Amino acid sequence: MTHPDLPSLNALRAFEAAARLQSIKQAAKELHVTHGAVSRQIRALEEELGVALFVKEGRGVKLTDAGMLLRDAAGDAFARLDGACAELKRRTEEAPFVLGCPGSLLARWFIPRLDRLNRELPELRLQLSASEGGPDPRRPGLDATLLFAEPPWPADMRVFELAAESIGPVLSPRHARFAALRRAPPQALLDEALLHTASRPQAWPSWAASQGLPAAGLRYGAGFEHLYYLLEAAVAGLGVAIAPQQLVADDLAAGRLVAPWGFVETPARLALWVPLRRGDGRAERLAGWLKRQLAERAVR
């Protein structure tokens, strides 16, 4: 529903401030605009309404009868608007912040840091929503989504880039050929039945290309529907897997997995996707926290 007979909201705001403060100068200061900008808004409002709202009095201004009538109505209206906006903001900030995240990233990186996040950002009241594969950042009910993806970023999303994705082969000391493989060159993997996952079919070919190895020469062993299960199999010593460095960082630090051939950067980025409609500030705080956590692990 529109109100075509109402004057400009900016003009009404300028008038309300000047009327309440009895000073155009103070109104300009409160609204963070120039004295001239407030004067122009008030003149435009007077021309539109066909009445004088202020008259000069000494070096200042004084409200006319029409000005006092509009002051009372505008003051009440803006007070109600301010109250409603504050209430909506309070409700938004008190509601849980719902974060979508792939199950593998959630289990292997996020959950081990969840206690620290809750201590350091208690106002977030985080609620996690896991999905296998790539969660849909536009799914109703999500405040933000954490996932690996490649630019360019969509125009309807605010995307906080957190870290570059790097992938590499990993294996467990429990692997039957661990002693030989840990000192072998990358081409030794052409003789291995490699663990793989349907969720990342291009991971092994991309890594092979980065090493100058023929993708057609790769041999595949057991396959897994999701990355989480692939890495559990690798930890159990069932074969050599390939994964983003972030998802195996804790396993490498604990010695459960080893990455003899290192990691290579891909075009993808780990990023926090936030719909543009969200604006309560919690997404920015979460993005900053995530970026610090990733950087802290990277420098160790």
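The residues of the chain are indexed from 1 along the displayed sequence. Just so you know, these numbers come straight off a predicted model, no measurement behind them.
Cluster membership check: Y220 shares its hydrophobic cluster with L189, using side-chain heavy-atom separations under 4.5 Å among Ile, Leu, Val, Met, Phe, Trp and Tyr. When hydrophobic clusters are built by joining Ile, Leu, Val, Met, Phe, Trp and Tyr residues whose side-chain heavy atoms come closer than 4.5 Å, directly or via intermediates, L247 is not grouped with W261. The cluster map of Ile, Leu, Val, Met, Phe, Trp and Tyr, joined by side-chain heavy atoms under 4.5 Å apart, puts F178 and L194 in the same cluster. The hydrophobic clustering, which links ILVMFWY residues whose side-chain heavy atoms are closer than 4.5 Å, places L227 and L252 together. A chain of hydrophobic side-chain contacts below 4.5 Å, direct or via other Ile, Leu, Val, Met, Phe, Trp or Tyr residues, connects V61 to V33.
Between the side chains of R13 and S8, no donor N or O sits under 3.5 Å from an acceptor N or O.
Residue A130 comes nearest to G103 through the heavy atom pair CB-CA, 4.4 Å, listed as atom of the first residue, atom of the second, then distance. Of all non-hydrogen atoms in A188 and L181, the two that sit nearest each other are CB-CD2, 4.2 Å. A107 and P112 get closest at one heavy-atom pair: O-CD, 3.6 Å. The shortest heavy-atom contact between P7 and L49 is CG-CD2, 4.1 Å. Closest heavy-atom contact between A27 and A14: CB-O, 4.4 Å. The two residues P173 and G255 make their nearest non-hydrogen contact at CG-O, 3.6 Å.
The pair R43-E47 fails the salt-bridge criterion, with no side-chain N (NZ, NE, NH1 or NH2) lying under 4.0 Å from an Asp/Glu carboxylate O.
By the salt bridge (charged side-chain N to carboxylate O under 4.0 Å, His left out) test, R183 is found to be paired with no residue, residues two or more places apart in sequence or in another chain being considered.
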Give the table of side-chain donor-acceptor pairs shorter than 3.5 Å for residues 150-166, with sequence neighbours excluded, one pair per line with atom names and distance.
residue	atom	partner	partner atom	Å
W153	NE1	E161	OE2	2.9
D156	OD1	R138	NH2	3.0
D156	OD2	R138	NE	2.8
R158	NH1	E284	OE2	2.5
E165	OE1	R200	NH2	3.4
E165	OE1	T266	OG1	2.6
E165	OE2	R200	NH1	3.1
E165	OE2	R200	NH2	2.9

Can I get a per-line list of side-chain donor-acceptor pairs under 3.5 Å for residues 204-212, giving both atom names and the distance, sequence neighbours left out?
residue	atom	partner	partner atom	Å
W204	NE1	L195	O	2.7
S206	OG	Q202	O	2.8
S210	OG	W207	O	2.5

*V258 vs V170, side-chain contact (heavy atoms from CB on, under 4.5 Å): CA-CA, chis, key distance, verdict*: CA-CA 5 Å; V258 177; V170 293; over 6 Å; no
*Run the numbers on R116 and E120 for salt bridge (charged side-chain N to carboxylate O under 4.0 Å, His left out), then give the verdict.*
CA-CA 6 Å; R116 182 173 181 179; E120 296 181 1; 3.0 Å; yes
*Using the side-chain contact (heavy atoms from CB on, under 4.5 Å) rule, take E16 and L70 through it: C-alpha gap first, then chi angles, then the decisive distance, then the call.*
CA-CA 8 Å; E16 187 278 332; L70 186 59; over 6 Å; no
*Could you walk me through whether E30 and L21 pass side-chain contact (heavy atoms from CB on, under 4.5 Å), step by step?*
CA-CA 10 Å; E30 179 179 286; L21 298 169; 3.7 Å; yes
*side-chain contact (heavy atoms from CB on, under 4.5 Å) between I242 and F263, worked out*: CA-CA 10 Å; I242 190 164; F263 296 87; over 6 Å; no
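Put simply, the residue from L128, L121, D143 that forms a side chain to side chain contact (heavy atoms under 4.5 Å, CB included) with F97 is D143.
Side-chain contact between T145 and D136: absent, with no pair of heavy atoms (C-beta onward) separated by less than 4.5 Å. Side-chain contact check for L231 versus D251: every heavy-atom pair is 4.5 Å or farther apart. Y228 is listed as a side-chain neighbour of R108, based on a closest heavy-atom distance under 4.5 Å. Between L126 and L99, some side-chain heavy-atom pair lies under the 4.5 Å cut-off. In this structure the side chain of E123 reaches within 4.5 angstrom of the side chain of R285, judged on heavy atoms. Annotation: side chain of W289 is in contact with side chain of R113 (closest heavy-atom distance under 4.5 Å). Between L270 and L105, the closest side-chain pair of non-hydrogen atoms falls below 4.5 Å. Between L171 and P260 the shortest side-chain heavy-atom distance falls below 4.5 Å.
To the nearest 0.5 Å, the span separating OG on S199 from CZ on F224 amounts to 11.5 Å. Note that CD of Q41 and CZ of F15 are 13.0 Å apart. Values are rounded to the nearest 0.5 Å. E46 CD to T64 OG1: the interatomic distance, rounded to the nearest 0.5 Å, is 7.5 Å. Within the model, atoms CD of Q246 and CH2 of W109 stand 8.5 Å from one another, a figure rounded to the nearest 0.5 Å. Remark: L272 CG to L147 CG distance equals 9.0 Å, nearest 0.5 Å. Atom CG of D65 sits about 11.5 Å away from atom CG of L53, to the nearest 0.5 Å.
Side-chain N or O atoms of S172 include one that pairs as donor or acceptor with a backbone N or O of V235 at under 3.5 Å. For R20 (side chain) and G75 (main-chain N/O), no donor-acceptor pair under 3.5 Å exists by modelled atom type.
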